[in-house]
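Computation of the quantities below employed the complete heavy-atom set of this structure, encompassing side-chain atoms and omitting hydrogens, waters and symmetry-equivalent molecules.
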Amino acid sequence: MRIANLDGTAVITSVGGGFRLAEADGGSFGGDPDDAVARIPEIEAWMARARPTLDPALSMGALESQLLRLGPPVTRPRQIFAIGLNYRSHADETGMQVPDHPMIFTKFPSALAGPGASVVLPADTVDWEVELVAVIGRGGRDIARSDALACVAGFCVGQDLSERTLQMANSPAQFSLAKSHAAFAPIGPWLTTLDELPDPLDLSIECRLGSETLQSARTSQMIFDVSYQISYLSAVCELYVGDLVFTGTPDGVGFGRTPPRYLAAGDVLISVIEGLGTLRTPCV
Ligand code: ZN
């Protein structure tokens, strides 16, 4: 199942078409996208029973052509976790040591944005980091690694945009603030449940600028996989439905290059993950 946030209301979308959740089952689900994430098993059961008519105007292809109308699939996460240096190739390019334990920071929720949102560059040292984002569907504490994937409502594509000058302004580095400017956390284009993916832990992940590929890897190359991250986080923090986990970026970021390279006004950053869709992020 795929849940999009179209003009602020939940749409269940698919290749062939979709429907507005508020119009399903006599309105019993409401139309709030965050509520929909909490009720995926109920929605799936209703769909299997009721076989709703799908409107081609709400297909994935139709929604993809109007990304600006899509908001983030989760709008009110209580917590956004992110992990640094979670691909060996990325740790290497930054000259930093491969971590023995997950290196966790936060992106503050006010940085969330939809899949087509523009970002106003606050400085000339803003960098790209395409990331798989896991959305928590069942929260709790002390989640075992073997139960962790069952606690994931779905995945979406994310960008962990980063202002490197602010990040490096102090020693040690200041990750959370530097990654939380307005629209520095675009996610989408919709939430995809894991049963839609042939192998949810091995997806191609890519970031492009025009015809140039900046980052290209597979999510199976993570040092700490999604299950490990959820188990590790939940040993400290209670996880809540709708929480987001930015799971790290592969190599190819701008500040790892010689000379370093950053986003400029007029750039349109394209972020793609196999089976999940595309983000389009114009820089102004
Ligand atoms: Zn990151």
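- Salt bridge status for Asp127 with Arg261: absent, with no side-chain N to carboxylate O gap under 4.0 Å.
- Considering every non-hydrogen atom in both Ser271 and Gln159, the closest pair reads OG-NE2, 3.0 Å.
- Looking at Arg218 and Glu274, a side-chain N of the basic residue comes within less than 4.0 Å of a carboxylate O on the acidic one, giving a salt bridge.
- Under a 3.5 Å cut-off, the side chain of Thr193 and the backbone N or O of Met1 do form a donor-acceptor pair.
- Here the side chain of Asn5 pairs no donor or acceptor atom with the backbone of Leu70 at under 3.5 angstrom.
- The closest side-chain heavy-atom distance from Thr94 to Leu85 is below 4.5 Å.
- In terms of modelled atom types and a separation under 3.5 Å, the side chain of Gln97 and the main chain of Pro99 share no donor-acceptor contact.
- Rounding to the nearest 0.5 Å gives a distance of 3.5 Å between OG1 of Thr125 and CD of Glu163.
- At distances below 3.5 Å, at least one donor-acceptor pair connects side-chain atoms of Asp267 with backbone N or O atoms of Ala264.
- Here the closest heavy-atom approach between residue Cys156 and residue Pro73 is recorded as SG-CG, 4.3 Å.
- Side-chain atoms of Thr219 come within 3.5 Å of backbone atoms of Leu203 as a donor-acceptor pair (strictly under, hydrogens ignored).
- Put simply, the side chain of Thr247 never gets that close to the backbone of Val226: no donor and acceptor are under 3.5 Å apart.
- Cluster membership for Val133 and Ile273, using ILVMFWY side-chain heavy atoms within less than 4.5 angstrom, is not shared.
- Scanning both residues, Gly114 and Pro186, for their nearest heavy atoms gives O-CB, 3.6 Å.
- Side chain of Asp243 to main chain of Gln79: a donor-acceptor pair is present (N/O by atom type, distance under 3.5 Å, no hydrogens or angles).
- Between the CG atom in Leu239 and the CD1 atom in Ile136 there is a gap of 5.0 Å [rounded to 0.5 Å].
- The distance from atom CG of Leu6 to atom CD1 of Ile12, rounded to the nearest 0.5 Å, is 12.0 Å.
- One hydrophobic cluster, built from ILVMFWY side chains closer than 4.5 Å, cannot hold both Ile230 and Met103; they sit in different ones.
- Here the side chains of Arg20 and Thr9 are in contact, with some heavy-atom distance below 4.5 Å.
- Cys151 has its side chain within reach of Ile143: a pair of non-hydrogen atoms, C-beta onward, lies under 4.5 Å apart.
- Between Arg164 and Glu129, at least one side-chain N (NZ, or NE/NH1/NH2) sits under 4.0 Å from a carboxylate O, which counts as a salt bridge.
- Taking both residues in full, the closest heavy atoms of Ala91 and Val98 are given as CB-CG2, 4.0 Å, listed atom of the first, atom of the second, then distance.
- A donor-acceptor contact shorter than 3.5 Å is absent between the side chain of Thr106 and the backbone of Ser176.
- Atoms CZ and CG, on Phe81 and Leu244 in that order, are 10.0 Å from each other to the nearest 0.5 Å.
- Contact record, Met47 with Pro52: O-CD, 3.7 Å, taken as the closest heavy-atom pair.
- Cluster annotation: Phe184 and Leu67 are assigned to distinct hydrophobic clusters (Ile/Leu/Val/Met/Phe/Trp/Tyr, side-chain heavy-atom contacts under 4.5 Å, transitive).
- Between Arg257 and Asp251 there is no salt bridge, since none of the side-chain N atoms of the basic residue sits less than 4.0 Å from a carboxylate O of the acidic one.
- In this structure, Lys107 forms a cation-pi arrangement with Phe246, its terminal cationic atom sitting closer than 6.0 Å to the ring centre and no more than 45° off the ring axis.
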>> With salt bridge (Lys or Arg N to Asp or Glu O under 4.0 Å) as the criterion, how do Asp25 and Arg49 come out once you've worked through the C-alpha distance, each side chain's angles and the decisive distance to 0.1 Å?
In response: CA-CA 10 Å; Asp25 195 28; Arg49 255 194 339 268; 5.1 Å; no
>> Under the criterion salt bridge (Lys or Arg N to Asp or Glu O under 4.0 Å), I'd like the reasoning laid out for Asp225 against Arg145: C-alpha separation, chi angles, the key distance, then a yes or no.
In response: CA-CA 10 Å; Asp225 66 16; Arg145 205 173 160 185; 3.3 Å; yes
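- Here the CG atom belonging to Leu132 is positioned 5.0 Å from the CZ atom belonging to Phe155, to the nearest 0.5 angstrom.
- Atom OG1 in Thr13 sits 10.0 Å away from atom CZ in Phe19 (nearest 0.5 Å).
- Looking at Arg141, its side chain does come within 3.5 Å of a backbone N or O of Val236 through a donor-acceptor pair.
- For the pair Pro189 and Leu279, the tightest heavy-atom approach, listed with the atom from each and the gap, is N-CD2, 4.0 Å.
- Each of Met60 and Leu194 belongs to its own hydrophobic cluster when Ile, Leu, Val, Met, Phe, Trp and Tyr are linked at side-chain heavy-atom distances under 4.5 angstrom.
- Using the six-membered ring where Trp is involved, Phe105 and Phe175 have ring planes that are tilted, between 30° and 60° apart.
- Distance alone, capped at 3.5 Å, is enough to place a donor-acceptor pair between the Gln66 side chain and the Ala62 backbone.
- Residue Val245 is grouped with residue Met222 when hydrophobic side chains (ILVMFWY) are merged at heavy-atom distances under 4.5 angstrom, including chains of intermediate members.
- Through direct or relayed side-chain contacts under 4.5 Å between Ile, Leu, Val, Met, Phe, Trp and Tyr, Val272 connects to Val268, Ile270.
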> Given Leu21 and Phe29, is the side-chain contact (heavy atoms from CB on, under 4.5 Å) satisfied, shown in steps?
Replying inline: CA-CA 7 Å; Leu21 191 59; Phe29 293 114; 3.7 Å; yes
>> Could you walk me through whether Gln221 and Ser89 satisfy the side chain to side chain donor-acceptor pair (under 3.5 Å) test, starting with their C-alpha distance in whole Å, then the side-chain angles of each, then the deciding distance to 0.1 Å, before giving a yes or no?
In response: CA-CA 9 Å; Gln221 293 167 334; Ser89 57; 5.6 Å; no
